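Let me begin by presenting the structure, written as structure tokens, before commenting on it.
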Amino acid sequence: MNYWLFKSEPDEFSIDDLRANKTTHWDGVRNYQARNMMRDDMKNGDLAFFYHSNTDIPGIVGVMKIVKEAYPDHTAFDPRDKHHDPKSDPESPRWFMVDLRYVRKFRRVIPLALLREFTDGDLADMPLLRRGNRLSVMPVTQKQWSFIQALCD
DNA sequence: GCCAACGTTGGC
DNA sequence: GCCAACGTTGGC
């Protein structure tokens with residue numbers, strides 16, 4: 001089993017939105033590195049952190065589970081969609097998405113600022129903490145996963 | 001194939 | 001609102 005982290009701006013889609021809807025299709029990823037991970041490496045049952053970006057306290061807010069493996073992101077075909085990409089068509093889709101199910105919301109956010117305190121220790125090499133990181137989907141190691149889970153107890 | 005210009009991300 | 005980092009685009 002693998003572990004992941006998904007970023008979302010809570011103004012667009014938050015952990016509370018996911019909790020209300022139970023599952024979601026994670027559309028709109030338009031980055032090749034992120035796409036490749038979704039398409040090639042994400043498996044049913046994998047767990048993922050939900051990360052709130054671009055908000056007052058950026059950080060990890062909960063856990064979700066992959067319940068459907070990669071399939072074409074249809075929003076890329078829709079000219080009216082914010083994430084429309086004319087270079088993607090149903091014959092040879094360029095962008096993919098997975099389905100995620102709500103698992104739990106932490107009692108409080110685990111702030112990015114707290115995670116940064118472990119940049120040189122338990123969370124060394126975590127892509128999220130790399131300077132200038134802009135990936136919206138990224139892998140988490142089992143050790144990092146366990147360590148971060150323990151932070152919210 | 002290089003690289004400058006541009007747009008986007010996202011923390012602060 | 002600022003700005004650094006980074007990916008993409010397009011002229012050459």
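What you see is a predicted model; the values in this text were computed from it and never measured. Quick note on labels: first sequence line is chain A, next is B, and so on, each numbered from 1.
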Within this structure, what is the CG-NE2 distance for the pair Asn54(A) and His52(A), rounded to the nearest 0.5 Å?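 Interatomic distance, Asn54(A) CG to His52(A) NE2, rounded to 0.5 Å: 12.0 Å.
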
With rounding to the nearest 0.5 Å, note down the distance linking CG in Leu135(A) to NZ in Lys7(A). 7.0 Å

Residues Asp85(A), Lys87(A): salt bridge by 4.0 Å N-O rule: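 Here Asp85(A) does not pair with Lys87(A) in a salt bridge, since their nearest N and O are not under 4.0 Å apart.
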
Categorize Arg130(A) for me: base, sugar-phosphate, or nothing, with a 4.0 angstrom heavy-atom threshold over every strand shown.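 Result for Arg130(A) = nothing.
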
For Asn133(A) and Lys87(A), find the nucleotide of DNA chain C closest to each by heavy atoms; which residue's nucleotide sits nearer the 5' end? Asn133(A)

Quick one: [X] [atom1] to [N] [atom2], roughly how many Å, whole number?
X: Asn36(A); N: dG7(C); atom1: CG; atom2: P; value: 13 Å
X: Asp85(A); N: dT8(C); atom1: CG; atom2: P; value: 11 Å
X: Asp56(A); N: dC12(B); atom1: CG; atom2: P; value: 13 Å
X: Arg131(A); N: dA4(C); atom1: CZ; atom2: P; value: 9 Å
X: Glu9(A); N: dG10(B); atom1: CD; atom2: P; value: 7 Å
X: Met138(A); N: dC6(C); atom1: CE; atom2: P; value: 13 Å
X: Arg116(A); N: dG10(B); atom1: CZ; atom2: P; value: 12 Å
X: Arg30(A); N: dC6(C); atom1: CZ; atom2: C1'; value: 19 Å

Looking only at the aromatic ring of each residue, does the gap between the centers of Phe50(A) and Trp4(A) stay below 6.0 angstrom?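 Trp4(A) vs Phe50(A): aromatic centres not under 6.0 Å.
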
Would you tell me if any nitrogen or oxygen in the side chain of Lys7(A) comes within less than 4.0 Å of OP1 or OP2 on dG10(B)?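 Result: yes.
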
Can you tell me if Tyr51(A) touches the phosphate of dG11(B), counting only side-chain N or O atoms and a distance under 4.0 Å to OP1 or OP2?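 Looking at the OP1 and OP2 atoms of dG11(B), one of them is under 4.0 Å from a side-chain N or O of Tyr51(A).
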
Run the numbers on Phe6(A) and Val29(A) for side-chain contact (heavy atoms from CB on, under 4.5 Å), then give the verdict. CA-CA 10 Å; Phe6(A) 287 74; Val29(A) 173; 5.9 Å; no

Checking contacts here: which listed nucleotide (dG10(B), dG7(C), dC12(B)) is nearest the side-chain heavy atoms of Leu112(A)? dC12(B)

Consider the side chain of Arg134(A), meaning its heavy atoms from C-beta on, and name the nucleotide among dG7(C), dG11(B), dC6(C) that approaches it most closely. dC6(C)

